[in-house]
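Small disclaimer: the values here were computed from a predicted structure and weren't measured. What you see below is based on every heavy atom in this structure, not just the backbone, and it leaves out hydrogens, waters and symmetry mates. All residue numbers refer to positions in the sequence shown, counting from 1.
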Amino acid sequence: MSAPAPSPLAIVDAEPLPRQEEVLTDAALAFVAELHRRFTPRRDDLLARRAERRAEIARTSTLDFLPETAAIRADDSWKVAECPPALQDRRVEITGPTDRKMTINALNSGARIWLADFEDASAPTWENVVLGQLNLIDAYSRNIDFTDAGSGKSYALRPADELATVVMRPRGWHLSERHLQLDGQPVPGALVDFGLYFFHNAQRLLDLGKGPYFYLPKTESHLEARLWNDVFVFAQDYLGIPQGTVRATVLIETITAAYEMEEILHELRDHASGLNAGRWDYLFSIVKNFRDGGPKFVLPDRNAVTMTAPFMRAYTELLVRTCHKRGAHAIGGMAAFIPSRRDAEVNKVAFEKVRADKDREAADGFDGSWVAHPDLVPIAMESFDKVLGDKPHQKDRLREDVHVEAADLIAIDSLDARPTYAGLVNAVQVGIRYIEAWLRGMGAVAIFNLMEDAATAEISRSQIWQWINAGVEFENGEKATPELARRIAAEELQTIEAELGAEAFAAGNWQQAHDLLLEVSLDADYADFLTLPAYERLRG
């Protein structure tokens with residue numbers, strides 16, 4: 001008697017979308033279902049391991065390099081796989097969600113790489129998940145254009161040799177996709193995003209002289225990198241794609257991953273192309289993991305924590321050294337400024353800060369860096385052109401002068417800055433305004449001339465939580481308390497209503513955003529990710 005056929009994936013509580021049948025084919029869904037069967041149990045175990053490790057940090061208030069992997073770090077013989085031609089030059093990368101207009105603008109931006117984002121810059125509505133995939137399929141087949149309904153402006157792709165190379169970022173391991181289920185269990189969003197993209201585009205990208213390239217977010221350990229590597233091996237075999245075709249760049253945006261950079265590259269060595277220094281999530285991770293570690297772990301205002309802070313220098317310098325030792329690209333952090341169309345002086349000051357930041361990264365040995373807006377591409381390009389010239393990267397700079405001890409990465413009290421009242425106000429403002437947009441399906445939002453995404457919202461609410469629980473006293477004599485946060489939040493709602501008018505305010509999600517920010521900022525039980533309770537409230 002033959003074995004029963006495996007259960008198919010079910011599409012649950014999802015309104016039909018135009019052309020969804022081109023993405024959600026039976027064969028593509030069967031592939032995602034097989035990824036789910038094989039790898040979700042390990043994903044679940046690794047999420048449980050995260051909780052155990054966090055409990056250990058709460059007990060010890062410290063971290064160290066892993067003794068059990070010392071041999072990997074000491075072995076100078078191994079390197080990651082040779083970089084494919086399309087990823088050799090990564091001097092400027094632009095980030096953004098995969099809506100139709102952004103897809104065209106990012107590919108046309110002049111950046112070498114576009115991080116096509118299904119993660120922090122994209123609220124995971126069903127429409128964003130499915131149509132984002134469709135937009136990438138259309139871009140690779142040059143079947144994409146866009147006309148702005150408001151301005152009438154039309155957008156179309158430039159010639160193929162002028163387009164950025166795509167590196168796609170799926171959701172982190174912690175997020176599930178409620179609209180795709182197998183036997184009543186939601187499929188991890190990471191496997192949905194990776195699976196649909198790989199299934200539809202791996203061979204198409206090879207035919208274009210490129211390949212399926214990925215950014216891996218929120219990684220907390222080398223064991224999570226091992227899981228991704230096993231996903232890649234299986235996926236390539238399943239579709240008959242040559243092993244080693246996939247290339248992955250891992251975001252070192254958690255404090256635990258900073259202690260396992262070499263091990264992460266080692267696990268992915270046949271598929272690895274680099275590491276990235278993701279600043280905001282990194283700060284969020286420090287607060288999350290050391291939130292009960294006492295005054296020495298209290299971070300000041302987020303904008304006071306620049307990349308020149310001693311513990312941030314330790315992190316970035318170690319990343320460059322680790323990458324170049326192992327033949328991988330080191331990619332720098334985000335320039336999040338959004339140019340103003342009305343205030344040239346604001347632009348002048350911000351452009352100088354961006355230029356200084358990118359000059360520092362290029363001088364430190366980074367091979368490339370991120371920007372959030374096309375207008376910043378030329379500024380970042382100039383910084384890296386000055387250092388790289390005609391070379392595609394500077395992996396020959398081994399940075400053997402760098403020596404980072406375990407304690408250096410968590411020397412938060414080495415920063416001479418304190419939380420301020422204005423910092424608390426800004427955290428509340430950004431939190432409410434970002435969450436409201438996220439609940440409307442927008443994951444990348446310009447607020448006060450900065451591009452905010454889920455990572456910046458996470459650091460905002462985490463700092464509110466930390467300052468209250470640490471009993472911080474501000475320079476004006478006020479103490480961080482739940483009552484103060486509620487007062488500032490109520491005042492911000494009034495300000496927003498005055499800005500928008502009563503009708504527009506009522507049409508938004510402002511009260512819901514206000515309530516959720518206070519929930520994740522004030523609850524004694526700290527939520528691991530803001531996006532988990534937010535997803536329960538997300539329509540679509």
Side-chain angles (χ1 to χ4, degrees), residues 40-61 63 118-120 122-124 169-178 185-191 193 216-221 223-225 227-228 250-260 278-293 297-299 302 410 427 431 434-435 438-439 443 453-470 513 515-538:
T40 296
R42 276 176 62 192
R43 188 283 305 248
D44 294 344
D45 289 344
L46 288 168
L47 291 183
R49 186 178 180 276
R50 286 182 179 183
E52 293 166 6
R53 194 169 194 192
R54 155 60 198 151
E56 179 67 8
I57 293 169
R59 189 179 65 80
T60 63
S61 288
L63 275 169
F118 286 83
E119 200 232 359
D120 273 1
S122 181
R169 180 162 71 170
R171 279 169 281 182
W173 283 126
H174 61 287
L175 292 167
S176 294
E177 175 51 64
R178 64 176 174 236
Q185 181 188 22
V187 179
L191 297 180
D193 299 339
L216 304 181
K218 306 288 192 291
T219 300
E220 296 197 15
S221 73
L223 298 179
E224 294 179 17
L227 174 56
W228 268 120
V250 180
L251 291 120
I252 302 299
E253 55 185 356
T254 68
I255 186 62
T256 52
Y259 288 85
E260 301 182 37
R279 173 186 175 188
W280 293 128
D281 260 319
Y282 189 72
L283 294 176
F284 158 52
S285 175
I286 290 172
V287 176
K288 176 162 67 172
N289 280 288
F290 290 94
R291 61 184 182 266
D292 38 23
F297 289 105
V298 172
L299 281 173
R302 65 171 187 157
I410 50 174
Y434 179 80
I435 292 170
W438 197 92
L439 293 172
D453 66 10
T456 50
E458 291 282 25
I459 186 64
S460 293
R461 66 96 178 188
S462 297
Q463 293 204 291
I464 299 167
W465 195 100
Q466 184 186 47
W467 294 347
I468 289 171
N469 282 272
D515 294 349
L516 180 54
L517 176 70
L518 291 181
E519 175 187 321
V520 296
S521 302
L522 304 182
D523 275 9
D525 187 12
Y526 179 95
D528 279 344
F529 293 95
L530 159 67
T531 46
L532 293 173
Y535 189 49
E536 296 173 8
R537 296 160 171 81
L538 184 67

Quick one: pull up [atom1] in [X] and [atom2] in [Y] and give me the separation to the nearest 0.5 Å.
X    : Y    : atom1 : atom2 : result
E224 : T256 : CD    : OG1   : 7.5 Å
L227 : L191 : CG    : CG    : 7.5 Å
D453 : S122 : CG    : OG    : 11.0 Å
L283 : S462 : CG    : OG    : 10.0 Å
W467 : S521 : CH2   : OG    : 11.0 Å
Q185 : T40  : CD    : OG1   : 6.0 Å

Is any side-chain heavy atom of [X] less than 4.5 Å from a side-chain heavy atom of [Y]?
X    : Y    : result
R54  : R291 : yes
Y526 : N469 : no
L175 : T531 : yes
P217 : E253 : yes
P186 : E177 : no
I255 : I57  : no
D44  : W173 : no
R178 : L538 : yes

What closest approach, in Å, do [X] and [Y] show between heavy atoms, and which atom pair accounts for it?
X    : Y    : value
A123 : W438 : CB-O, 3.5 Å
K218 : D120 : NZ-OD2, 3.0 Å
D281 : A455 : OD2-CB, 3.4 Å
R302 : Q463 : N-OE1, 3.2 Å
F118 : D193 : CB-OD2, 3.7 Å
L516 : P533 : CD1-CB, 4.0 Å

Ion pair check, R537 and E519, cut-off under 4.0 Å: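 Looking at E519 together with R537, the answer is yes, because their closest N to O distance falls below 4.0 Å.
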Presence of salt bridge, R59 and E56, under 4.0 angstrom: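 Yes, E56 and R59 are salt-bridged.
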Worked check of side chain to side chain contact (heavy atoms under 4.5 Å, CB included) between I459 and V287: CA-CA 8 Å; I459 186 64; V287 176; 4.1 Å; yes
Residues that R53 engages under salt bridge (Lys or Arg N to Asp or Glu O under 4.0 Å), provided they are two or more places apart: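 In terms of salt bridge (Lys or Arg N to Asp or Glu O under 4.0 Å), with neighbours along the sequence ignored, R53 is linked to E260.
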Side chain to side chain contact (heavy atoms under 4.5 Å, CB included) between H174 and D528, worked out: CA-CA 9 Å; H174 61 287; D528 279 344; over 6 Å; no
Ring geometry between F297 and F290 (parallel below 30°, tilted from 30 to 60°, perpendicular above 60°):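 If you compare the ring of F290 with that of F297, the planes turn out parallel.
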Parallel, tilted or perpendicular, as decided by the 30° and 60° cut-offs, for the rings of F284 and F529: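 Rings of F529 and F284: perpendicular, over 60°.
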Check: T219 side chain, A225 main-chain N or O, donor-acceptor pair, under 3.5 Å: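 No, the answer is negative, given that no donor and acceptor are paired below the 3.5 Å cut-off.
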Exam field: side chain Q466 to backbone L299, donor-acceptor pair closer than 3.5 Å: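 Here the side-chain-to-backbone pair exists.
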